[in-house]
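Have a look at the structure below before the remarks.
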Amino acid sequence: MKLMMSVNAGSSSLKYQLIEMPEANAIAKGQVERKGLKDSEFELEDNKGNEVTKTLDIKDHAQAVELLFKHLLEANVIDNFDEIAGVGHRVVAGGEIYSNSVLIDEEVVRVIHDDLGKFAPLHNPAQAVVMKSFLKRLPNVPQVAVFDTAFHSTMPEVNYLYSLPYEYYEEYGARRYGFHGTSHKYISRRTSEILGKPMDELKIITAHLGNGASLTAVENGKVVDTSLGFTPLVGVTMGTRTGDIDVSLVAYLMEEMDLSMDEMMNILNNKSGLLGISGVSSDMREVMEAREEGNHRAALAYDIFINRIQKYIGNYVATMNGVDAIVFTAGIGENSPEVRQDVIDGVTFFGAQVDPELNDTRAEAIISPEGAPVAVLNVPTNEEVEIAREVVKFVDVE
Ligand code: AMP
């Protein structure tokens, strides 16, 4: 048994978990949020019920990392840094450079920051800074970059290429990369384990429905298509992002409203989706509450969200010429039986069904009736464990 650390740095947050492998047993977890402001929050919670919560002035990611290590020792989660056998860092964009996890050295950090930063400007540079701090603090511990795009790297050209002049792909890397790969990988693997069937005999549609949302078609263990694209803007309707939209409409609106490209991109990324349609919130719980109270735009936002997911399920049934399992995960997918029921109720033509009693859960479960031709599952995602599994490939845990 060895202790692995999984690290997930966002643009203004740093989430971490210490996990015993191969048991996948989390012994401590926490986060540092909103750095740069006076009221940054530090949280640490271990599996013995001890909690540390502090409001601090944390100016950047490097300081957040120092604080994390200081508190891991102070709270006696670890006695010394030698106990950590490996670290896995989530990286949003790996482009075409990394189709698998990779051991981190200074050159890898440079590539993630300089060469791939343009594909995920809010995430990759921050993640590279965190890696640098970790390399400094734990110079002798193997550290692994785990890419959100890697699971999608098996997509065939037919599905990753846009119908643009081909040389734009060659010159600028203009193609679909996909995101949320670590989550799609975890839930498709769990689906195969729960159903007791090998991955290479399954056609699975995975639906990661959180504030960001994407669906993926996984055939014989390999991604054949996914709904997010060059960036995480397209596909289904999301909390604040549009999902699929006619690009000419974007040009038309820019002209009509005299908007700059930055202003328009801000609208498409941060003011659209559930928030833009409902005018209430980007948070699905609040949209559903307003819908219950009779708010028409909130009801419309909910219906559009469900409709776009159904469209992608139909799309992927056709892409794979069949489906054995549909799996829901992430904030909305894991927690809302209503969303799962409403989605599946619109795609029963190929045999998908939800049993309302089995569906009344937030836990890992098969929620379709026994013997149904298509299994429907709820599988809470666990990206941290999937990241730790990737680290284990580089560290002997026996
Ligand atoms: P995530 O990005 O995975 O953390 O998911 C966040 C989204 O999950 C937000 O839109 C939340 O409103 C939504 N969510 C969390 N719990 C529920 C619930 N019980 N019902 C519906 N949506 C939920």
Side-chain angles (χ1 to χ4, degrees), residues 6 8-17 29-31 33-34 41 43 90 92 120 122-123 148 178-187 190 206-216 226-228 231-233 235-243 269-293 295 297-309 327-345 354 356 359-365 367 377-387:
S6 104
N8 181 354
S11 50
S12 62
S13 67
L14 176 73
K15 293 186 186 148
Y16 60 90
Q17 250 184 52
K29 62 180 172 186
Q31 57 183 345
E33 268 209 286
R34 280 180 294 161
E41 277 183 11
E43 287 171 27
R90 173 184 174 231
V92 167
L122 290 179
H123 290 93
D148 261 8
F179 297 89
H180 300 143
T182 313
S183 174
H184 289 291
K185 188 174 183 183
Y186 176 83
I187 64 168
R190 283 300 299 145
T206 51
H208 176 109
L209 309 178
N211 189 34
S214 65
L215 281 87
T216 295
T226 190
S227 63
L228 292 175
T231 69
L233 180 68
V236 297
T237 300
M238 291 171 251
T240 59
R241 293 177 235 154
T242 51
N269 277 297
N270 302 318
K271 301 197 167 156
S272 302
L274 294 177
L275 173 66
I277 305 164
S278 70
V280 172
S281 174
S282 62
D283 188 293
M284 183 52 111
R285 274 167 302 194
E286 289 175 21
V287 170
M288 288 170 83
E289 273 164 33
R291 167 176 169 259
E292 296 286 308
E293 288 158 11
N295 181 315
R297 278 176 54 183
L300 197 55
Y302 180 85
D303 290 347
I304 291 174
F305 180 80
I306 299 290
N307 167 279
R308 300 305 188 267
I309 296 164
V327 198
F328 290 91
T329 200
I332 303 170
E334 288 168 27
N335 294 310
S336 177
E338 190 174 353
V339 166
R340 296 192 296 256
Q341 181 87 54
D342 288 345
V343 166
I344 297 299
D345 279 353
V354 160
N359 188 32
D360 188 15
T361 183
R362 292 182 178 196
E364 193 173 88
I367 57 172
L377 294 91
N378 185 43
V379 176
T381 194
N382 197 333
E383 292 168 279
E384 290 74 19
V385 163
E386 197 58 41
I387 289 171

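Read the numbers this way: they start at 1 and go in the same order the structure lists the ligands and their atoms.
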What residue and atom, counting heavy atoms only, is the protein's closest point to [atom], and at what distance?
atom: atom 7 (C) of ligand 1; value: I332 CG1, 3.8 Å
atom: atom 14 (N) of ligand 1; value: G331 O, 3.5 Å
atom: atom 6 (C) of ligand 1; value: N211 N, 3.7 Å
atom: atom 9 (C) of ligand 1; value: M284 N, 3.9 Å

Contacting atoms of ligand 1, where contact means under 4.0 angstrom from a heavy atom of [X]:
X: S336; value: 20 (N), 21 (C)
X: N335; value: 15 (C), 16 (N), 17 (C), 18 (C), 19 (N)
X: G210; value: 1 (P), 2 (O), 3 (O), 5 (O)
X: A330; value: 3 (O)

Is R362 close enough to touch ligand 1? Criterion: a residue heavy atom under 4.0 Å from a ligand atom.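 Yes, R362 has a heavy atom closer than 4.0 Å to ligand 1.
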
Does a donor on one side chain and an acceptor on the other come within less than 3.5 Å for [X] and [Y]?
X: N359; Y: R340; value: yes
X: S13; Y: E33; value: no
X: S272; Y: T242; value: no

